[in-house]
Amino acid sequence: MAAKVAFAAVAVMLLATWHLAAAAPLTAPAFLWAPENYGSDEAKEAVHYQTISPACLAKSVLDEGGWSKLVCSREGSHKNVDIAVVFLGSKLQSSDMSKDKQVDPSLADTLKVSFAGSEFSMAFPYVAMADDDKLESSLLSGFAENCDSEFQGNHITYTDMCTVSGEDLKKHQNMDSIHDLVMSRMGRNPSGKTDLIVFCNGGFKDLDNAKSEGELLSELVSMLKKSGAKYTVLYASLPYGLVENASNLPITRYLAEKTNTTTKPGLDGCDGECVVKSSLLEGVFVGLVMLIILISGLCCMMGIDTPSRFEAPQD
């Protein structure tokens with residue numbers, strides 16, 4: 001009987017642990033960087049560890065990342081950056097950042113080199129989406145909402161894999177088209193507005209399938225460097241698993257670090273959330289061991305059988 005009770009207790013604890021792990025939404029990271037610092041001096045090398053929605057990501061990029069000065073058409077705004085790129089991918093998940101072996105090694109290498117060599121950078125390790133949203137539409141609507149009506153007047157172009165539709169939309173069919181745009185706009189933009197290029201997942205419709213997401217990002221960054229343009233890049237990946245309503249997720253933690261080291265938080269090793277989860281699992285396992293020891297001790301005590309009476313000592 002006691003053994004059955006112990007087995008049931010262990011089963012309940014393991015089931016609770018499994019539900020706790022299953023309840024955590026699958027998330028993907030986002031990284032913002034610029035080779036030259038154009039943004040706020042208060043938000044250098046920052047890492048936001050809370051789970052956020054794409055709309056909250058857009059607001060943080062505009063407010064703390066300084067993109068409000070670039071993509072929001074305000075009177076008297078100064079053009080600090082020639083090109084702003086939103087690169088939307090799908091090959092990187094939050095859980096992949098601490099792994100040695102990546103699904104797309106070239107993507108991880110490009111992000112690490114670009115992120116570590118930038119004067120201005122922000123990391124968002126946990127971005128979750130609702131199941132009825134598209135990443136590109138969520139980010140663009142977040143930009144438009146926080147810029148009010150000042151976002152639509154900007155120069156916005158897309159790759160032909162983007163699903164956005166409308167009149168007078170310019171879509172790039174290859175990397176040469178993006179190169180031509182960069183060269184034509186750099187230093188010769190009388191409106192003073194930053195050009196926003198939305199590079200959607202998959203790149204181009206006529207693209208050779210042999211090119212990976214990392215190779216496309218590496219080619220794009222290399223082209224921007226060689227052009228001499230002042231640029232900034234926002235990389236965001238689509239989570240494999242979606243949650244019902246990412247905007248209602250609680251904000252659990254926030255960390256902003258200001259360091260001058262080349263290793264940026266959130267790219268290597270076990271981050272803050274990893275430490276919390278590992279400590280939680282360690283506590284669960286220790287509790288299970290103590291519970292088993294307690295039940296075993298009670299069983300041993302219940303098994304002790306003492307006589308109901310004692311014989312009188314003989315003289």
Worksheet item: Can you tell which of L224, V86, L181 makes a side-chain contact (heavy atoms from CB on, under 4.5 Å) with I197?
Response: L181

Can you tell me if [X] uses its side chain to pair, donor with acceptor, with the backbone of [Y] under 3.5 Å?
| X | Y | result |
| --- | --- | --- |
| T27 | S94 | no |
| Q93 | L238 | yes |
| S121 | W33 | no |
| D195 | I83 | no |
| T194 | V81 | yes |
| S184 | D180 | yes |
| E215 | S106 | no |

Measuring only between side-chain heavy atoms, which start at C-beta, is [X] closer than 4.5 Å to [Y]?
| X | Y | answer |
| --- | --- | --- |
| V221 | K225 | yes |
| N201 | K91 | no |
| M175 | F199 | yes |
| E145 | S141 | no |

Smallest separation among heavy atoms of [X] and [Y], with atom names:
| X | Y | result |
| --- | --- | --- |
| V127 | A30 | CG2-CB, 4.2 Å |
| G142 | L62 | O-CD1, 4.3 Å |
| M223 | I178 | CE-CG2, 3.5 Å |
| C200 | T159 | N-OG1, 3.1 Å |
| W67 | A84 | CH2-CB, 4.0 Å |
| A28 | S237 | CB-O, 3.1 Å |

Worksheet, complete the sentence: Only residue of H172, K170, K171 satisfying side-chain hydrogen bond (donor to acceptor under 3.5 Å, both in side chains) with T157 is H172

At what distance, to the nearest 0.5 angstrom, does [atom1] of [X] lie from [atom2] of [Y]?
| X | Y | atom1 | atom2 | value |
| --- | --- | --- | --- | --- |
| F31 | T110 | CZ | OG1 | 12.5 Å |
| L234 | L57 | CG | CG | 5.5 Å |
| I156 | F143 | CD1 | CZ | 9.5 Å |
| K230 | D82 | NZ | CG | 7.0 Å |
| L220 | L216 | CG | CG | 8.5 Å |
| M301 | I304 | CE | CD1 | 6.5 Å |

Discussion item. Apply side chain to side chain contact (heavy atoms under 4.5 Å, CB included) to residues S279 and V276 and explain how you reach the verdict.
Written reply: CA-CA 5 Å; S279 301; V276 171; 5.9 Å; no

Mind checking whether [X] and [Y] sit in one hydrophobic cluster, side chains of I, L, V, M, F, W, Y counted as touching below 4.5 Å?
| X | Y | result |
| --- | --- | --- |
| L196 | F120 | yes |
| L135 | M161 | no |
| V85 | L92 | yes |
| L281 | L288 | yes |

Worksheet item: Is the NZ atom of K59 crowded by more than 12 outside heavy atoms at less than 6.0 Å?
Response: no

Discussion item. Pair L139, L88 - check side chain to side chain contact (heavy atoms under 4.5 Å, CB included), show working.
Written reply: CA-CA 10 Å; L139 281 176; L88 306 177; 3.6 Å; yes

Worksheet item: Are the ring centres of F124 and Y235 closer than 6.0 Å?
Response: no

Practice prompt. Evaluate side chain to side chain contact (heavy atoms under 4.5 Å, CB included) for V182 paired with Y231, printing each intermediate quantity in order.
Written response: CA-CA 10 Å; V182 174; Y231 68 92; over 6 Å; no

